[in-house]
Amino acid sequence: MPIPAMNGVSVLVTGGAGFIGSHLVDALVERGGRVRVLDNFATGLASNLDHLDGKIEVIEGDIRDLATCQRACDGTRVVFHQAALGSVPRSVKDPATSIAVNVGGTANIFAAARDAGTARVVYASSSSVYGDSPTLPKTEGDEGKPLSPYATSKWMCEELAAVYGLSYPDLVFVGLRYFNVYGPRQRPDGPYAAVIPKFFDAYRQGQAPKIHGDGEQSRDFTYVLDAVRANLLASGAGDDACGRAYNVAGGRRITVNELAARVREASGGGHEPEHGPPRPGDVRHSLADLSASQRLLGYQPETGLDVGIGLAANAYLGR
Ligand code: NAD
């Protein structure tokens, strides 16, 4: 399926100053879209959008405020809803805020899209909705019980999309269950940084990376431009493909121990990783079945882990 042209199409990217959101904004601007961003810079950075100065509109505001969401959605044809507080441990520490932003904020954005007569909302869900399901690969329909407030919040986004879709048939929803997205602009700093930037940062500083648990837990890593392409495909998919959520992933899994070895090699060597206790809320294994996203969205990952780690190394090690 072709990537749709966005010439002159008005779109909103919530969380557009963030890691995935800012790459999506780049792709939309490149395709001629008229892009508005809504972000409160809780974790996103204005510098991610500096190079687009004058080419996009930026609203600094919070998705927990309905009036702000209505202003942001006004006149838009497609809303790409990326804004959320990510991270399982953050949600375990402060569930109320993660739920308020991820669920309350999403309910506001969906309602504001309806009020604005927006045609379609493509929203970020997460592989965490598979929770305690032991099945591998993870296939849409095989969800287990969520293991963290974050996972519950993303599950609730999908439930909200389903019920808004039923209640307001003129507005269609496509959910994207991202599996461990990585690449340039993913923040290496702070207590809730994701594993790949954290490992690169450790090696950059000559420290040993820390692994939670035995490191034999596995993940399916997605290069950020693959996640961007999934969004573009979802925005142009036929109506028969809408009203559900799709896996978006790299399509193969590696253990965290193997990942650490790859990052170490890409960094030119360094300390062996140190192991600490496992983290509450983390799932053991993750691997996506991509048949539905391939068949109905035309999604296929294009950047394998070797190339992706190399691109991430260039970004984090300043090469
Ligand atoms: P990110 O933290 O870089 O981006 C999130 C953006 O949302 C940030 O710019 C942040 O400032 C903004 N934001 C947060 N709270 C807000 C609020 N109350 N109002 C307005 N803006 C707010 O994270 P990301 O990795 O780019 O994640 C994007 C989306 O993808 C999120 O919905 C996340 O849950 C989801 N997701 C990411 C991954 C991953 O591996 N990165 C995996 C699964 C799902």
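It should be emphasised that the depicted structure is a prediction, and the values quoted were computed from it without experimental measurement. Values reported hereafter were calculated over all heavy atoms of this structure, with side chains retained and with hydrogens, waters and symmetry mates removed. Numbering of ligands and ligand atoms starts at 1, following listing order.
Distances from ligand 1 to the non-hydrogen atoms of A194 include no value under 4.0 Å. Ligand 1 lies less than 4.0 angstrom from a heavy atom belonging to Y150. G61 counts as a contact of ligand 1, since one of its heavy atoms falls under 4.0 Å from the ligand. Using a 4.0 Å cutoff on heavy atoms, S125 counts as a contact of ligand 1.
Ring centroids of Y223 and Y182 are separated by less than 6.0 Å, placing the two rings close together.
Looking at ligand 1, you won't find any N or O of A124 less than 3.5 Å from one of its N or O atoms. The distance criterion of under 3.5 Å between nitrogen or oxygen atoms is met by I20 with respect to ligand 1. Close N/O approach between F19 and ligand 1 is found [any backbone or side-chain N/O within under 3.5 Å]. Considering backbone and side-chain N/O atoms, G86 never comes within less than 3.5 Å of an N/O atom of ligand 1.
Other residues, nucleotides and ligands place no more than 12 heavy atoms under 6.0 Å from the CZ atom of R71.
The A17 neighbourhood of ligand 1 comprises atoms 9 (O), with distances under 4.0 Å to a heavy atom of that residue. Close approach to G44 involves these atoms of ligand 1, each under 4.0 Å from a residue heavy atom: 8 (C), 9 (O), 10 (C), 11 (O). Set against the non-hydrogen atoms of G18, the atoms of ligand 1 under 4.0 Å away are 3 (O), 4 (O), 8 (C), 9 (O). Short contacts between ligand 1 and V101, defined as distances under 4.0 Å to a heavy atom of the residue, involve ligand atoms 15 (N), 18 (N). Listed by number with element, the atoms of ligand 1 under 4.0 angstrom from any heavy atom of Q82 are 28 (C), 29 (C), 31 (C), 32 (O). Contact atoms of ligand 1 toward Y178: 30 (O), 35 (C), 36 (N), 37 (C), 42 (C), 43 (C), 44 (C) (distance under 4.0 Å to a heavy atom of the residue). Within ligand 1, counting atoms from 1 as listed, the ones closer than 4.0 Å to a heavy atom of F41 are 11 (O).
Residue-level proximity to ligand 1 for N180 is carried by the backbone, the only part with a heavy atom below 4.0 angstrom.
Not a single protein heavy atom sits closer than 4.0 Å to atom 23 (O) of ligand 1.
Side-chain atoms of R36 come within 3.5 Å of backbone atoms of A72 as a donor-acceptor pair (strictly under, hydrogens ignored). The main-chain N or O of P209 is never found under 3.5 Å from a side-chain atom of H271 such that the two would form a donor-acceptor pair. One N or O on the side chain of D226 and one on the backbone of T303 form a donor-acceptor pair closer than 3.5 Å. Counting only distance, with no hydrogens or angles, the side chain of S22 and the backbone of G18 share a donor-acceptor pair below 3.5 Å. Here the side chain of T255 pairs a donor or acceptor atom with the backbone of E258 at under 3.5 angstrom.
Among protein heavy atoms, the minimum distance from atom 18 (N) of ligand 1 is reached at D62 OD1, 2.9 Å. Scanning all protein heavy atoms for the shortest distance to atom 19 (N) of ligand 1 gives I63 N, 3.0 Å. Nearest non-hydrogen protein atom to atom 9 (O) of ligand 1 is D39 OD2, 2.5 Å. Protein heavy atom in closest approach to atom 40 (O) of ligand 1: V181 N, 2.8 Å.
Taking only non-hydrogen atoms, the option from T68, N40, I59 nearest to atom 20 (C) of ligand 1 is N40. Nearest-heavy-atom check against atom 32 (O) of ligand 1 across R187, K154, H23 picks out K154. The residue among V37, T106, N48, T43 with a heavy atom at the shortest distance from atom 1 (P) of ligand 1 is T43. Looking at G15, A83, A84, it is A84 that brings a heavy atom closest to atom 14 (C) of ligand 1.
With respect to the salt-bridge test (charged N to carboxylate O, under 4.0 angstrom), the residues E272 and R264 qualify. A salt bridge links E158 with R177; the closest basic N to acidic carboxylate O contact falls under 4.0 Å. Contact check on K55 versus D26 returns no salt bridge, with no Lys/Arg side-chain nitrogen under 4.0 Å from an Asp/Glu carboxylate oxygen.
Considering D289, D220, L290 as possible partners of P137, the one that fulfils the side chain to side chain contact (heavy atoms under 4.5 Å, CB included) test is D289. A ring pair (Phe, Tyr, Trp, His ring centres under 6.0 Å) with Y123 holds for exactly one of F80, Y164, Y178, F110; it is F110.
R244 forms a cation-pi arrangement with Y246, by the criterion of a distance under 6.0 Å to the ring centre and an angle within 45° of the ring axis.
The structure places CG of L317 at 9.5 Å from CG of D201, a figure rounded to the nearest 0.5 Å.
Judged by distance alone, the side chains of Y192 and R90 never bring a donor and an acceptor atom under 3.5 Å apart.
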